[in-house]
Amino acid sequence: MKLAHWMYAGPAHIGTLRVASSFKNVHAIMHAPLGDDYFNVMRSMLERERDFTPVTASIVDRHVLARGSQEKVVDNISRKDREERPNLIVLTPTCTSSILQEDLQNFVDRASTISDSDVILADVNHYRVNELQAADRTLEQVVRYYLDKARRQGTLQLSLTDRPSANIIGIFTLGFHNQHDCRELKRLLKDLGIEINQVIPEGGSVEKLHQLPKAWFNLVPYREVGLMTAKYLEKEFGMSYISTTPMGVVDIANCIRQIEEQINKLFPVSLNKKVNYEPYISEQTRFISQAAWFSRSIDCQNLTGKKAVVFGDATHAASITKILACEMGIRVGCAGTYCKHDEEWFKEQVRNFCDEILVTDDHTEVGDMIARIEPSAIFGTQMERHIGKRLDIPCGVISSPVHIQNFTLGYRPFLGYEGTNQIADLVYNSFTLGMEDHLLEIFGGHDTKEVITKSLSTDSDLTWNSESQLELNKIPGFVRGKIKRNTEKFARQNGIVNITVETMYAAKEASNA
């Protein structure tokens, strides 16, 4: 746990709350001081939910500290049990309240005896894991709890469905375009003749979790959430899972072929029936996805050789890196992720598709890397978008954490064949084409931004006088940022504090030498 003014992945309790509030009729009790209860506002704002978020804060205040939390926590659980009648109540502390070292499991045991709802304590180490790891663990804990309960009650359903079916695991609230991706995955599976058994946790019911083993296989579209559950189901019930993310033409085909292999393995031998999805892959790639055609067009070829930087969660950063390098011919100067716990997998995925790899959760390291590489475009999170604005480099957002603008009301999936079109548009529109800015300069277009002193470090003591700023404004926008950074680099190396027009020319001569 550390203090920072920006975090790529939030604290553990946010992940637990995201999973709990994704299920139907599940309520979460957050044992926390004032200030830790921002989740409700964040979810209501970003997801534009019509209903209240099913999360209640059991506030730790001075009175609680004086006499202990048990009475208040148990009262809050029993009150929500009476008012909401949820199937499940999940109690979670936060990093702050965990400092109290209270026996919350004892609170849960006591509350369970007086509540009709099931009550569990989120089994997460708040000091060792982040938001995504906690969400993965919480989902697996809930699934395990209800499958064990079904086994004890004799209601566990182990027989497979008559027709091929799948569970989609890992779609949940506040996920990056998760709702759109889920629609696209459902359409893809329907085209393949595969029924949807369960989608969890988003929109799923804990009362139906005992039916999870009925599916022929599990599909885990994002590595960040769902893998622990899929591995548990594989270990306990022998259920195979597919974790190849169907993003980009190449990986969609790979994912479909893995689905084909799994279905052909389970079809009864007596039926002598096998599926062949190759015609479907060919048709979708040639006629539904425009990305394959676009990559051969003159517009996309104009991007060939341009340099980009990719940074985000492991799933999206790896997929976008491969799409840029393999499908669009764009050079990836650096591919990075903030999912340090998945570092080995990420490096294996992108090793052959980029010049260098960066695994860090420190945004200043990312900013310094981008300033050093000076790419033509960035594909990252909202943090990289802010960095791009300061460096005058365009940025397309491809991963959480995101702003409200990435919770679009329209349909914008990143997965499936429709997702390939959305990604191609995002990539192409994110690059600032040199000729475009040059023509704007020639004809006095809308590029009238005044140059300000932008730096990734807050301790910069360089100043530009009015003449040098005016001269900098005359430079075409597509190279202005690079010239500004080269000039400031020259000034620092030579101990120059006040940058003049003469400094600019001296820096230019030094760079040409």
Side-chain angles (χ1 to χ4, degrees), residues 19-27 85-90 112 115-120 122-123 135-172 178 182-183 185-222 225-243 255 258-271 273-275:
V19 169
S21 59
S22 294
F23 278 111
K24 290 180 181 177
N25 206 28
V26 172
H27 201 91
R85 295 295 177 188
N87 300 123
L88 171 67
I89 295 177
V90 178
S112 298
S115 302
D116 294 328
S117 309
D118 295 318
V119 185
I120 65 173
D123 183 19
D136 201 16
R137 169 62 184 138
T138 301
L139 179 58
E140 188 261 354
Q141 182 187 359
V142 172
V143 169
R144 183 189 295 267
Y145 178 88
Y146 277 96
L147 290 179
D148 287 344
K149 179 180 178 181
R151 186 183 280 116
R152 292 193 305 269
Q153 296 177 345
T155 59
L156 192 60
Q157 298 185 19
L158 298 175
S159 58
L160 296 180
T161 56
D162 294 333
R163 293 176 52 79
S165 61
N167 297 317
I168 302 177
I169 303 176
I171 304 291
F172 72 139
N178 274 23
C182 188
R183 281 176 56 188
L185 287 177
K186 287 179 178 179
R187 183 165 70 178
L188 176 64
L189 293 174
K190 183 180 178 181
D191 288 347
L192 301 177
I194 299 170
E195 298 174 348
I196 305 297
N197 184 51
Q198 299 264 327
V199 177
I200 60 170
E202 183 63 27
S205 171
V206 293
E207 291 189 313
K208 294 182 179 180
L209 290 179
H210 66 281
Q211 298 177 4
L212 282 174
K214 291 168 62 86
W216 290 35
F217 65 93
N218 294 313
L219 180 59
V220 184
Y222 316 111
V225 179
L227 265 185
M228 286 186 69
T229 302
K231 290 177 180 178
Y232 161 73
L233 292 171
E234 181 182 52
K235 180 180 178 182
E236 289 292 317
F237 306 101
M239 299 181 70
S240 297
Y241 68 89
I242 295 168
S243 58
C255 180
Q258 291 175 29
I259 292 173
E260 176 186 305
E261 180 182 353
Q262 181 60 27
I263 289 178
N264 287 336
K265 189 187 304 180
L266 292 178
F267 257 129
V269 178
S270 58
L271 292 179
K273 181 179 180 181
K274 286 184 177 282
V275 296

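Remember, predicted model here, so these are calculated numbers, not experimental data.
- Of the inter-residue distances, the one linking Ile168 atom CD1 with Cys182 atom SG reads 5.0 Å to the nearest 0.5 angstrom.
- Side chains of Phe23 and Leu139 form a contact here, defined as non-hydrogen atoms less than 4.5 Å apart.
- When every heavy atom of Gly170 is checked against every heavy atom of Asn178, the shortest pair comes out as O-ND2, 3.7 Å.
- The salt bridge (Lys or Arg N to Asp or Glu O under 4.0 Å) contacts involving residues 189-209 comprise Arg163-Glu195, where partners must be two or more places apart or lie in separate chains.
- Atom OH of Tyr241 sits about 12.0 Å away from atom CD of Gln262, to the nearest 0.5 Å.
- At least one donor-acceptor pair under 3.5 Å links the side chain of Ser117 to the backbone N or O of Pro86.
- A distance of 10.5 Å separates CG in Leu266 from CD in Glu261, rounded to the nearest 0.5 Å.
- Checking each of Asn167, Asp162, Thr161 against Ser165 for a side chain to side chain donor-acceptor pair (under 3.5 Å) leaves exactly one that passes, namely Thr161.
- Side-chain atoms of Tyr222 and Ile171, non-hydrogen and from C-beta on, do get closer than 4.5 Å to each other.
- Side-chain contact check for Leu233 versus Ile169: some heavy-atom pair is nearer than 4.5 Å.
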Task: Candidate pair Phe267 and Lys274, rule side chain to side chain contact (heavy atoms under 4.5 Å, CB included), full reasoning - done: CA-CA 7 Å; Phe267 257 129; Lys274 286 184 177 282; 5.9 Å; no
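- For the pair Asp123 and Arg137, the minimum side-chain heavy-atom distance is below 4.5 Å.
- Residues Phe217 and Pro164 are not in side-chain contact: their nearest non-hydrogen atoms beyond the backbone lie 4.5 Å or more apart.
- Summarising the geometry of Asn25 relative to Arg85, their closest heavy-atom pair is ND2-O, 3.3 Å, with the distance given to 0.1 Å.
- Between Ser243 atom OG and Leu219 atom CG the span is 9.0 Å, to the nearest 0.5 Å.
- Across all non-hydrogen atoms, the minimal contact from Leu227 to Val220 is N-CG1, 3.9 Å.
- Contact detail for Pro213 and Leu156: the closest heavy-atom pair is CG-CD1, 4.4 Å.
- Taking every heavy atom of both residues into account, Asn197 and Leu212 meet most closely at ND2-O, 3.6 Å.
- For the pair Val199 and Lys186, the minimum side-chain heavy-atom distance is below 4.5 Å.
- Within the structure, every pair that satisfies the salt bridge (Lys or Arg N to Asp or Glu O under 4.0 Å) test and touches residues 141-154, not counting sequence neighbours, is listed here: Asp118-Lys149, Glu140-Arg144, Asp148-Arg151, Arg151-Glu236.
- Between Leu147 and Tyr232 there is a side-chain heavy-atom pair separated by less than 4.5 Å.
- The backbone N or O of Gly226 lies less than 3.5 Å from a partner atom in the side chain of Asp136, making a donor-acceptor pair.
- Atoms CG and CG, from Leu209 and Leu88 in turn, are 9.5 Å apart once rounded to the nearest 0.5 Å.
- Every residue meeting the side chain to side chain contact (heavy atoms under 4.5 Å, CB included) condition with Gln157, not counting sequence neighbours, appears here in chain and number order: His210, Gln211, Lys214.
- Within the 4.5 Å cutoff, the side chain of Leu189 has heavy atoms near those of the Ile196 side chain.
- The heavy-atom pair separating Leu160 from Ala215 by the smallest distance is CD2-O, 3.3 Å.
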